[in-house]
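Take a look at the structure below.
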Amino acid sequence: MAKLKAKQTFVDPDRGPLLSVRFIVAIALVVIGIAWIVYYYTVVRVDPTVLPAPDPGSPKFMADLEDWNYAIGFGLILLGLLVSAHPATPLGRGRGVVVGMLGCFLVGLLWICTFYVISGDQLPSVPVFNDLDQYNLMVGIGFMAVGFAFATRWE
């Protein structure tokens with residue numbers, strides 16, 4: 001009786017295809033999250049230091065969300081990084097796991113350290129950091145949490 005072999009798409013399990021649907025979705029989520037934050041901050045957001053306050057930009061639903069736009073943007077970025085931790089993506093296998101893990105840990109640490117360094121008189125002059133205030137800690141810890149998701153894949 002012949003043994004049935006599973007269909008393999010690549011020979012070495014540590015080196016799979018560079019582009020997979022999951023990896024493209026992960027990249028798209030990260031890019032959309034960054035674009036969401038940048039668009040909100042530069043086009044829609046009303047600068048609280050300008051008097052009289054101008055009308056918010058469009059679309060109106062984005063202006064109505066106010067600071068929740070940061071939760072949406074950073075949520076998409078962190079979700080994209082979590083999706084990229086799957087073994088079907090280059091960051092989810094082999095050395096990519098270490099790169100993703102250390103990268104997320106360092107970004108989170110740098111985000112928190114930057115917030116503490118500028119948290120005095122300089123905070124109102126730094127984009128995004130000025131709107132998030134203490135929520136900057138949640139952003140940094142979020143990146144570190146994604147780093148721990150990568151750490152679960154480390155062998």
Exercise. Under a 4.5 Å side-chain heavy-atom rule over Ile, Leu, Val, Met, Phe, Trp and Tyr, are Val21 and Leu81 clustered together?
Worked result: yes
For this session: Following the transitive rule for hydrophobic clusters with a side-chain heavy-atom cut-off under 4.5 Å over Ile, Leu, Val, Met, Phe, Trp and Tyr, establish whether Leu19 and Val99 coincide in one cluster.
Result: no
Exercise. Would you say Leu65 and Ile72 make side-chain contact, with heavy atoms under 4.5 Å?
Worked result: yes
Problem set entry | Phe74 vs Leu132, side chain to side chain contact (heavy atoms under 4.5 Å, CB included): CA-CA, chis, key distance, verdict | CA-CA 11 Å; Phe74 282 112; Leu132 291 175; 3.8 Å; yes
For this session: Look at atom CG of Asp47 and say whether more than 12 heavy atoms of other residues, nucleotides or ligands are closer to it than 6.0 Å.
Result: yes
For this session: Measure across Leu91 and Gly100 and return the closest heavy-atom pair with its distance rounded to 0.1 Å.
Result: CD2-N, 4.2 Å
Problem set entry | Minimum heavy-atom distance between Pro124 and Gly120, given as atom pair plus value | CD-O, 4.2 Å
Exercise. Taking all non-hydrogen atoms of both residues, which atom of Val44 and which atom of Pro59 are closest, and how far apart?
Worked result: CG2-CD, 4.3 Å
Seminar exercise, completed: Closest non-hydrogen atoms of Ala88 and Ser20, given as atom of the first, atom of the second and distance, are O-OG, 3.0 Å
Exercise. Would you say Phe61 and Val46 are hydrophobically clustered, going by side-chain heavy atoms of ILVMFWY under 4.5 Å?
Worked result: no
For this session: Using ring pair (Phe, Tyr, Trp, His ring centres under 6.0 Å) as the criterion, point out the one residue from Tyr135, Trp36, Tyr40 that pairs with Tyr70.
Result: Tyr40
Problem set entry | Ile24 side, atom CD1; Ser84 side, atom OG - distance, nearest 0.5 Å | 13.5 Å
For this session: Answer yes if Met138 and Leu106 sit in the same cluster of Ile, Leu, Val, Met, Phe, Trp and Tyr residues linked by side chain heavy atoms under 4.5 Å apart, and no otherwise.
Result: no
Exercise. Can you name the nearest heavy-atom pair linking Val83 to Ala26, along with the distance?
Worked result: CG1-CB, 3.9 Å
For this session: Give the minimum heavy-atom separation between Pro56 and Ala63, together with the two atoms involved.
Result: CB-CB, 3.7 Å
Exercise. Quick one: does His86's side chain get under 4.5 Å of Phe23's, heavy atoms only?
Worked result: no
Exercise. With a 4.5 Å limit on heavy-atom distance, are the side chains of Tyr39 and Met62 in contact?
Worked result: yes
Exercise. Rounded to the nearest 0.5 Å, how far apart are OG1 of Thr114 and CD of Gln122?
Worked result: 11.0 Å
Exercise. Quick one: do Val43 and Val31 end up in the same hydrophobic cluster if we chain Ile, Leu, Val, Met, Phe, Trp and Tyr together by side-chain heavy atoms under 4.5 Å apart?
Worked result: no
For this session: Drop me the distance from Asn136's CG to Ile118's CD1, to the nearest 0.5 angstrom.
Result: 7.0 Å
Problem set entry | Student check: side-chain heavy atoms of Ile112 and Met144 closer than 4.5 Å | yes
Exercise. Parallel, tilted or perpendicular: which fits the ring planes of Trp111 and Phe143, with parallel below 30° and perpendicular above 60°?
Worked result: tilted
For this session: Kindly compute the distance separating OG1 (Thr89) from CD1 (Ile27), expressed to the nearest 0.5 Å.
Result: 9.0 Å
For this session: Give a yes or no answer on whether the side chain of Asp131 reaches the backbone of Asp67 with a donor-acceptor pair at less than 3.5 Å.
Result: no
For this session: Kindly indicate whether the side chain of Val98, heavy atoms from C-beta on, has any atom under 4.5 Å from the side chain of Phe150.
Result: no
Problem set entry | Residue of the set Val139, Ile37, Val146 for which side chain to side chain contact (heavy atoms under 4.5 Å, CB included) holds with Ile77 | Ile37
